[in-house]
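Structure first, commentary second.
Start at 1 and go down the list; that is how both ligands and their atoms are numbered.
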Amino acid sequence: MRINRYLAQSGVASRRRCEELVTGGLVTVNDLVVRDLATQVSPTDVVKVSGKVVKAAEEFVYVMLNKPKGYVTTCNDEHGRKTVMSLVPNDVRLFPVGRLDYDTTGLLILTNDGEFTKRVTHPSSEVGKTYVVKTSHDITPTDIEKLCKGVMVDEVMTSPAQARALGKREAELVIHEGRNRQVRRMFEALGLEVVALRRVAVGSLTLGPLKVGEYRIITKRQAYSII
Ligand code: URA
C-alpha cells in the first residue's frame, strides 16, 4: 500500500497532512527517508515519523458462516467435537461473535475485531436475532402472544420479542437479548420442544443464498450495519 495510505490508516493524521509529512522528509521506511508519495510499504517494513515507529493498522476481517448442525462455536473443544473454526479461513485468528448451540444451524459472524464483538454481544446492544423454530407440537396463537410479551426463563422474564407463526409447528422469533439457549428455553417454558433451530438473520444481515457449511467474507460496513 502507498505510504500515505499506510500513515493515514494508522491514525497518524489526515491524508493531506500525511502527504505533507512525507514530502517534508519526516518519514522513513527501514531507516531511509522517503519523499515520494508513490512509495509502497508492506506490514513488514519499519515506518517511522520523526523517528517514532508507526505500526500498521490492524486489518479486520468479518466472515458470515452458515453453521451446520454438529459444530461447537468455540475455538477449541475439550470433548474433541468439531468447531466452526474448521469451516472458515485460518490465515487470521477469528473469533465467533456470540454463540449458537451444537444443534443450531444458521448465521454466525466471526471476526478479529474485538470492539465489534463487544458491541454486538453487549446486553445493551439489542441487535435483533431472527430464528426459525420447528417444534414437536402445534404452536397456538396464545403461545405466539406469550413469546412476544415475554416468558419466564430462570425466574427472569424475557424481553419483548417479535413472533409469528410460519406453520402449525413452525414460527419465526426475533429476540433482542442473548441469554444461554434462550430460544429453546422460551419454547420449553410454553411446553414446546424445539426440534430444529435456525438463525436466519442478525440485525439486517441475512443468510441469503449461503448454503449450510459455507461462508462469505463481508465488508466492515456490512458488519457494522447491524449495530
Ligand atoms: N437460542 C437457543 O436456544 N439456541 C441457540 O443456538 C441460539 C439461541
Side-chain angles (χ1 to χ4, degrees), residues 63-79 81-88 94-111 116-137 139 143-167 169-208 210-215 223 226-227:
V63 171
M64 190 171 116
L65 171 72
N66 188 345
K67 178 194 171 296
K69 249 181 152 177
Y71 283 78
V72 288
T73 44
T74 47
C75 296
N76 297 298
D77 184 55
E78 54 186 26
H79 306 294
R81 291 175 296 180
K82 289 180 282 191
T83 84
V84 290
M85 307 319 295
S86 62
L87 301 169
V88 294
L94 299 173
F95 299 91
V97 179
R99 284 185 177 207
L100 287 180
D101 297 337
Y102 186 69
D103 283 333
T104 303
T105 62
L107 178 47
L108 180 72
I109 303 170
L110 298 103
T111 184
F116 173 77
T117 303
K118 227 189 319 177
R119 283 179 63 184
V120 175
T121 54
H122 194 271
S124 68
S125 92
E126 298 196 352
V127 175
K129 282 146 295 218
T130 308
Y131 295 89
V132 171
V133 189
K134 286 194 177 149
T135 55
S136 55
H137 294 83
I139 304 163
D143 291 330
I144 294 290
E145 206 176 306
K146 285 182 180 166
L147 289 166
C148 290
K149 284 191 178 152
V151 294
M152 207 57 105
V153 168
D154 271 351
E155 295 173 14
V156 179
M157 209 56 166
T158 57
S159 300
Q162 290 84 51
R164 66 186 177 109
L166 299 176
R169 294 184 178 188
E170 190 173 41
E172 183 185 84
L173 176 66
V174 186
I175 58 170
H176 303 268
E177 348 165 63
R179 288 159 64 182
N180 191 29
R181 294 175 67 83
Q182 179 161 343
V183 176
R184 290 176 202 274
R185 294 196 298 161
M186 284 175 79
F187 278 79
E188 271 164 26
L190 302 171
L192 293 166
E193 188 198 341
V194 171
V195 294
L197 182 57
R198 180 163 52 106
R199 183 154 73 188
V200 293
V202 176
S204 55
L205 210 57
T206 58
L207 269 181
L210 202 62
K211 295 200 182 87
V212 175
E214 285 184 355
Y215 73 85
I226 71 172
I227 303 174

TODO: Answer yes or no: is there a donor N or O on one side and an acceptor on the other, between the side chain of Thr121 and the main chain of Thr117, under 3.5 Å?
DONE: yes
- [ ] Give a yes or no on whether the backbone of His79 and the side-chain of Asp77 come within a donor-acceptor separation of less than 3.5 Å.
- [x] yes
Task: Exercise: do His137 and Thr135 side chains pair donor with acceptor under 3.5 Å - done: no
TODO: Starting from atom 4 (N) of ligand 1, locate the nearest protein heavy atom and write down its residue, its atom name and how far away it is, to 0.1 Å.
DONE: Asp101 OD2, 2.7 Å
Task: Check: Arg99 N/O within less than 3.5 Å of ligand 1 N/O - done: no
- [ ] Could you see which bit of Leu197 sits under 4.0 Å from ligand 1, with heavy atoms only: side chain, backbone, both or neither?
- [x] side chain
Task: Electrostatic pair Arg185-Asp154, nearest N-O below 4.0 angstrom - done: yes
Task: For Arg181, atoms of ligand 1 separated by under 4.0 Å from a heavy atom - done: 1 (N), 2 (C), 3 (O)
- [ ] Could you tell me whether Lys149 and Glu145 make a salt bridge, using a distance below 4.0 angstrom between a side-chain N and a carboxylate O?
- [x] yes
Open item on the list: To check your reading of the model: name the closest protein heavy atom to atom 1 (N) of ligand 1, its residue, and the distance in Å.
Closed with: Val183 N, 3.1 Å
Task: Stacked cation flag Arg81 on Tyr71, 6.0 angstrom / 45 deg - done: no
Task: Heavy atom of the protein closest to atom 8 (C) of ligand 1 (residue, atom name, distance) - done: Tyr131 OH, 3.4 Å
Task: Ligand-residue contact atoms, ligand 1 with Thr104, heavy atoms, under 4.0 Å - done: 4 (N), 5 (C), 6 (O)
